[in-house]
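All remarks here apply to the structure that follows.
Just follow the structure's listing: the first ligand is 1, and inside any ligand the first atom is 1.
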Amino acid sequence: MSFLRPNIAAMAGYVPGFQPPDGTSFIKLNSNENPYPPSPAVVRAILTELADDGASLRKYPSASSDRLRRIAGDLYGFDPSWIIMANGSDEVLNNLIRACAGEGEEIAYVHPSYSYYVTLAQVQGARVRTFGLTDDYRVADFPERYNGKIFFLTTPNAPFGFAFPTAYIEELAKRCSGLLVADEAYVDFADENALDLVRKHENVVVTRTLSKSYSLAGMRLGLAIGRPELIAALDKIRDHYNLDRLAQAACCAALSDQEYLRECVGKVRDIREWFSARLRELGYQVIPSSGNYVFAASPDRNGRRVYEGLYRRGILVRHFSDPLLSHGLRITIGTREEMAATVAALKEIG
Ligand SMILES: *Cc1c(COP(=O)(O)O)cnc(C)c1O
């Protein structure tokens with residue numbers, strides 16, 4: 001079609017993980033969703049929003065999500081002018097590229113990590129530079145001075161699960177003349193985060209999501225924390241009503257129930273350590289994880305074989321055909337029962 005931009009015509013588009021239809025009975029460990037329901041306060045808040053036969057839905061939601069920015073600001077210790085709310089953190093990743101990287105300009109990311117940055121760059125017509133990982137999980141061949149517009153650093157890394165130490169992220173940020181985006185989608189399951197770097201360095205921005213630790217993948221909620229000048233730029237770009245009323249109500253309630261978050265995250269971390277230990281007993285190589293998933297390789301390093309064995313037993317995990325990843329599997333941490341069933345299935349598969 002001659003009216004399509006050539007980069008759009010040429011690009012493949014992002015392929016999300018397989019989402020079986022609701023009602024099918026897989027043990028679903030392939031999308032790093034949380035096995036527990038969201039805080040009970042979330043459902044109460046949504047039902048309150050729907051009171052009077054949903055009369056409030058007639059009206060547009062808050063365009064600025066300002067109540068959420070205040071709550072998130074209080075939670076993380078920032079003025080609300082440092083916070084932007086997003087329709088999933090994917091939205092804010094997209095708008096960061098739109099704000100900073102023009103057509104033909106360069107962004108970079110680490111491979112393996114979240115490949116959606118590449119899709120977003122292709123839409124924008126930006127170029128993508130890829131950095132690898134060293135054996136000790138540092139960025140390979142990162143220049144003394146990196147002049148690209150954005151460097152995306154997924155930390156904790158997905159799919160491997162390790163987290164970059166904050167001091168190391170700071171060193172990378174100092175070497176970037178553009179923006180360093182710390183994509184902290186899984187950071188609530190980790191021991192450290194990069195928020196201090198946002199305070200110290202004007203070129204560091206942190207993105208977060210409520211999809212994983214807050215069990216709200218279905219509501220599409222994310223946020224970014226950065227300098228007010230950057231946040232103001234992102235505000236110009238986003239859809240003006242980017243968060244609907246139900247999402248805003250859910251987000252307020254979820255962020256306000258930190259005790260529930262701590263409880264869920266604590267359970268997931270405990271099960272993660274239990275499951276990792278069982279995998280090692282089976283001879284699997286397991287990368288110590290700071291997320292709600294583990295990357296593990298069977299003794300024969302044949303990820304496809306184990307994936308298929310699990311699939312036949314009704315357990316869905318993630319296998320990547322990428323040569324750097326095909327030896328292993330990314331397995332989301334589910335409930336204790338789900339992980340026990342997975343261990344039993346792996347024993348059978350051998
Ligand atoms: C899940 C995930 C996201 C997307 O989060 P949403 O808020 O669901 O859009 C972004 N980055 C990474 C690394 C993720 O794993």
Side-chain angles (χ1 to χ4, degrees), residues 14-19 28-35 38 42 65 68 72 83-98 107-121 123 130-131 133 137 139 150-164 169 180-190 193-194 205-225 234 238-239 242-244 246-248 250-251 254-255 261 265 268 272 287 289-295 317-318 320 322 325 330-333:
Y14 184 74
V15 183
F18 173 54
Q19 306 303 336
K28 190 172 182 306
L29 308 176
N30 71 334
S31 293
N32 294 346
E33 291 144 334
N34 199 307
V42 167
S65 306
L68 296 179
I83 313 270
I84 186 165
M85 306 306 302
N87 182 4
S89 69
D90 284 347
E91 184 203 12
V92 84
L93 296 171
N94 186 10
N95 289 340
L96 282 164
I97 293 191
R98 292 166 79 195
I107 66 116
Y109 84 121
V110 172
H111 179 76
S113 75
Y114 191 41
S115 61
Y116 189 49
Y117 314 126
V118 178
T119 305
L120 295 172
V123 173
T130 304
F131 292 104
L133 285 168
Y137 299 131
V139 181
I150 305 183
F151 177 47
F152 287 99
L153 194 67
T154 315
T155 183
N157 175 277
F160 285 148
F162 68 85
F164 294 102
I169 301 173
L180 185 146
V181 179
D183 181 345
E184 294 193 333
Y186 300 102
V187 84
D188 289 327
F189 302 101
N193 65 61
V205 59
V206 161
T207 62
R208 297 278 178 97
T209 175
L210 278 78
S211 296
K212 281 80 183 221
S213 53
Y214 288 92
S215 311
L216 287 173
M219 290 303 300
R220 314 304 306 124
L221 287 163
L223 62 132
I225 306 155
L234 294 171
R238 68 177 170 84
D239 286 357
N242 60 339
L243 267 67
D244 67 60
L246 301 185
Q248 292 195 32
C251 190
L255 293 178
L261 175 77
V265 163
V268 169
R272 177 183 77 200
I287 300 172
S289 173
S290 298
N292 65 336
Y293 52 91
V294 294
F295 191 85
V317 299
R318 192 81 190 259
F320 302 91
D322 186 298
L325 300 171
R330 191 195 69 191
I331 306 176
T332 304
I333 301 303

Quick check: Y186 with Y293 (ring centres under 6.0 Å apart)?
yes
Interfacing atoms of ligand 1 (cut-off 4.0 Å, heavy-atom, [X]):
X: S211; answer: 6 (P), 7 (O), 8 (O)
X: T154; answer: 13 (C)
X: T209; answer: 5 (O), 6 (P), 7 (O), 8 (O)
X: G88; answer: 7 (O), 9 (O)

Qualifying residue for side-chain hydrogen bond (donor to acceptor under 3.5 Å, both in side chains) with T332, from N32, N30, N292:
N32
For [atom], what is the closest protein heavy atom, and at what distance to 0.1 Å?
atom: atom 4 (C) of ligand 1; value: D90 OD1, 3.2 Å
atom: atom 2 (C) of ligand 1; value: K212 NZ, 2.4 Å
atom: atom 11 (N) of ligand 1; value: D183 OD2, 2.7 Å

Between [X] (side chain only) and [Y] (backbone N and O only), is there a donor and an acceptor less than 3.5 Å apart?
X: R238; Y: I84; answer: no
X: N242; Y: M85; answer: yes
X: R208; Y: S89; answer: no
X: D188; Y: L210; answer: no

Using the six-membered ring wherever Trp is involved, compare the ring planes of Y117 and F152 and label them parallel, tilted or perpendicular (cut-offs 30° and 60°).
parallel
Where on [X] is there a heavy atom closer than 4.0 Å to ligand 1, on the side chain, on the backbone, on both, or on neither?
X: Y186; value: side chain
X: A185; value: side chain
X: R220; value: side chain

Verify whether one side chain among K28 and S31 offers a donor that lies under 3.5 Å from an acceptor in the other.
yes
With a 4.0 Å cut-off on heavy atoms, does E91 reach ligand 1?
no
Please report whether ligand 1 has a polar contact with S89, defined as an N or O pair separated by less than 3.5 Å (distance criterion only).
yes
